[in-house]
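Working notes, structure below.
Index from 1, following the sequence.
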Amino acid sequence: MDKGLSKLLRRAAWLGLSLLLSVASLAQTQPDTLPQGRFLRQTAKVGELVEYELRYEHAPGLEVIFPDSAANYQPFEFVGKRYSPTRTRESRSLDRTVYRLRTFALDSVQRLSLPITVLRGRDTLAISSVPAQVRLVRTAPPVVPGQVPNLRQNLSMQPVEPQFNYPYWLAGAALLLGVAGGVVLGFRRKLRLRYRRYRLRKNHAYFLAQYARHVERFTLSRSLTNMERAITLWKNYLSNLENNAINSLTTREIVAHYQNDSDVRLALSLADRVIYGNQFSEDDTETDLAFVLLRDFADRQYTRVVANMVQP
């Protein structure tokens, strides 16, 4: 019996101690003051900006968070805010924020209470401010039941800024793109053929100009380097024109490739004799003949390739 009584006494002591600790902890978390909220004006109109001041006085070591733009300001709408730095005097700190709000509600009296958040370690405590109210000022005259209000007639025209007609422009752009796409799809083979002919004509004109420049330099200097450059240019041009690789073939292989063409055989033979055998004189006209034969052969190959292009 004594053992059971002692257990009960110990349990009662533990419960009392726990209750005292809970009361002490609750007393510590409760704020010593409440946030104070007030409207800086007592009246407001629909859609007009009105300022609401929220103040909180607390201990200096307390961490306090004021509402931001995501808070609930009903029946008002948040527009902006400005805050003042914390001021501490005589072991008391003061935080102050002024919110710019507006309302479109039609209630005669509108109230607002914003909460602040107090941080205590991992715990948070939300404390609501004392509700503040503002009176709505109505600008429209009151309507008497059964009486139609007097309306003012205004038939004068007001200037209107011209606006860019996006739908019509987008529709026009889509139509132009559609027409252009149809033209391309309908005439793509013909357009592609004309483009290929244009590229071939440009390349041939460029080849003739460069070839004539190398020949002229050789005629003036009789330098084997200029002659080698002219022959190399001729081989590279024919390789691109006919889509082959004669620029990597020997003279004998090139002659065989062109079915033992007499002009190609004679021109390359004369060129090889001059380049590799160094057999030419100041009055030698054989090299000039070789240049002419190679140029004429390139002209004939260009004409043949253009004529054999598939017609649309």
Side-chain angles (χ1 to χ4, degrees), residues 173-312:
L175 180 62
L176 289 177
L177 290 176
V179 172
V183 170
V184 171
L185 291 177
F187 300 94
R188 58 182 179 179
R189 294 183 61 186
K190 186 176 181 179
L191 293 175
R192 188 182 304 172
L193 181 61
R194 293 187 63 179
Y195 177 73
R196 287 180 59 192
R197 288 178 175 174
Y198 168 78
R199 290 293 303 271
L200 290 176
R201 184 170 64 253
K202 294 286 290 185
N203 291 339
H204 188 66
Y206 178 79
F207 159 73
L208 292 178
Q210 292 297 107
Y211 187 79
R213 182 177 302 175
H214 290 311
V215 172
E216 181 181 3
R217 290 177 179 175
F218 173 79
T219 303
L220 295 175
S221 63
R222 291 295 174 175
S223 172
L224 295 180
T225 301
N226 291 322
M227 187 173 190
E228 290 179 355
R229 289 176 179 174
I231 301 300
T232 302
L233 178 66
W234 179 83
K235 292 180 180 180
N236 291 335
Y237 170 71
L238 290 181
S239 297
N240 294 328
L241 177 66
E242 301 172 350
N243 195 21
N244 54 32
I246 67 167
N247 53 356
S248 62
L249 301 179
T250 63
T251 299
R252 182 175 299 178
E253 291 172 340
I254 294 175
V255 173
H257 175 77
Y258 288 115
Q259 289 81 35
N260 201 24
D261 186 89
S262 58
D263 291 345
V264 175
R265 183 178 69 252
L266 177 59
L268 293 181
S269 298
L270 294 174
D272 288 347
R273 187 173 64 181
V274 172
I275 295 173
Y276 300 109
N278 198 17
Q279 299 178 8
F280 71 94
S281 61
E282 294 294 334
D283 298 330
D284 195 357
T285 58
E286 292 183 349
T287 53
D288 297 336
L289 176 61
F291 286 132
V292 173
L293 293 177
L294 293 179
R295 185 196 60 196
D296 293 343
F297 182 78
D299 283 336
R300 293 199 302 272
Q301 292 300 104
Y302 164 75
T303 304
R304 182 186 62 82
V305 170
V306 173
N308 291 337
M309 293 179 68
V310 179
Q311 296 293 333

Is there a side-chain contact between [X] and [Y] (heavy atoms, below 4.5 Å)?
| X | Y | result |
| --- | --- | --- |
| Leu224 | Val274 | yes |
| Ile254 | Leu268 | yes |
| Asp263 | Asp296 | no |
| Phe291 | Met227 | yes |

Test side-chain hydrogen bond (donor to acceptor under 3.5 Å, both in side chains) applied to [X] - qualifying residues, sequence neighbours left out:
| X | answer |
| --- | --- |
| Arg295 | none |
| Tyr302 | none |
| Tyr195 | Arg199 |
| Asn236 | Asn247 |

Worked check of side-chain contact (heavy atoms from CB on, under 4.5 Å) between Arg229 and Asn226: CA-CA 5 Å; Arg229 289 176 179 174; Asn226 291 322; 4.0 Å; yes
Residues forming a salt bridge (charged side-chain N to carboxylate O under 4.0 Å, His left out) with Asp299, sequence neighbours excluded: none
Derivation of the side-chain contact (heavy atoms from CB on, under 4.5 Å) call for His257 and Asn244: CA-CA 10 Å; His257 175 77; Asn244 54 32; 3.5 Å; yes
Separation between CG of Leu294 and CG of Leu238, rounded to the nearest 0.5 Å: 8.5 Å
Can you sort out the partners of [X] under side-chain contact (heavy atoms from CB on, under 4.5 Å), two or more places apart, ordered by chain and number?
| X | answer |
| --- | --- |
| Asn260 | Val255, Arg265 |
| Glu253 | Leu249, Thr250 |
| Thr303 | none |

Distance-only polar pair, side chains of Arg217 and Thr225, donor-acceptor under 3.5 Å: no
Listed once per pair and sorted, the ring-ring contact (aromatic ring centres under 6.0 Å, His included) pairs that draw on residues 222-252, sequence neighbours left out: His204-Tyr237, Phe207-Tyr237
Arg252, CZ atom: more than 12 neighbouring heavy atoms under 6.0 Å: no
side-chain contact (heavy atoms from CB on, under 4.5 Å) between Leu241 and Leu200, intermediate numbers included: CA-CA 8 Å; Leu241 177 66; Leu200 290 176; 3.8 Å; yes
By ring-ring contact (aromatic ring centres under 6.0 Å, His included) - contacts of Tyr258 (at least two apart): Phe297
Salt bridge (charged side-chain N to carboxylate O under 4.0 Å, His left out) contacts touching residues 233-244 (sequence neighbours left out): Glu242-Arg304
side-chain contact (heavy atoms from CB on, under 4.5 Å) assessment of Arg213 paired with Leu208: CA-CA 9 Å; Arg213 182 177 302 175; Leu208 292 178; over 6 Å; no
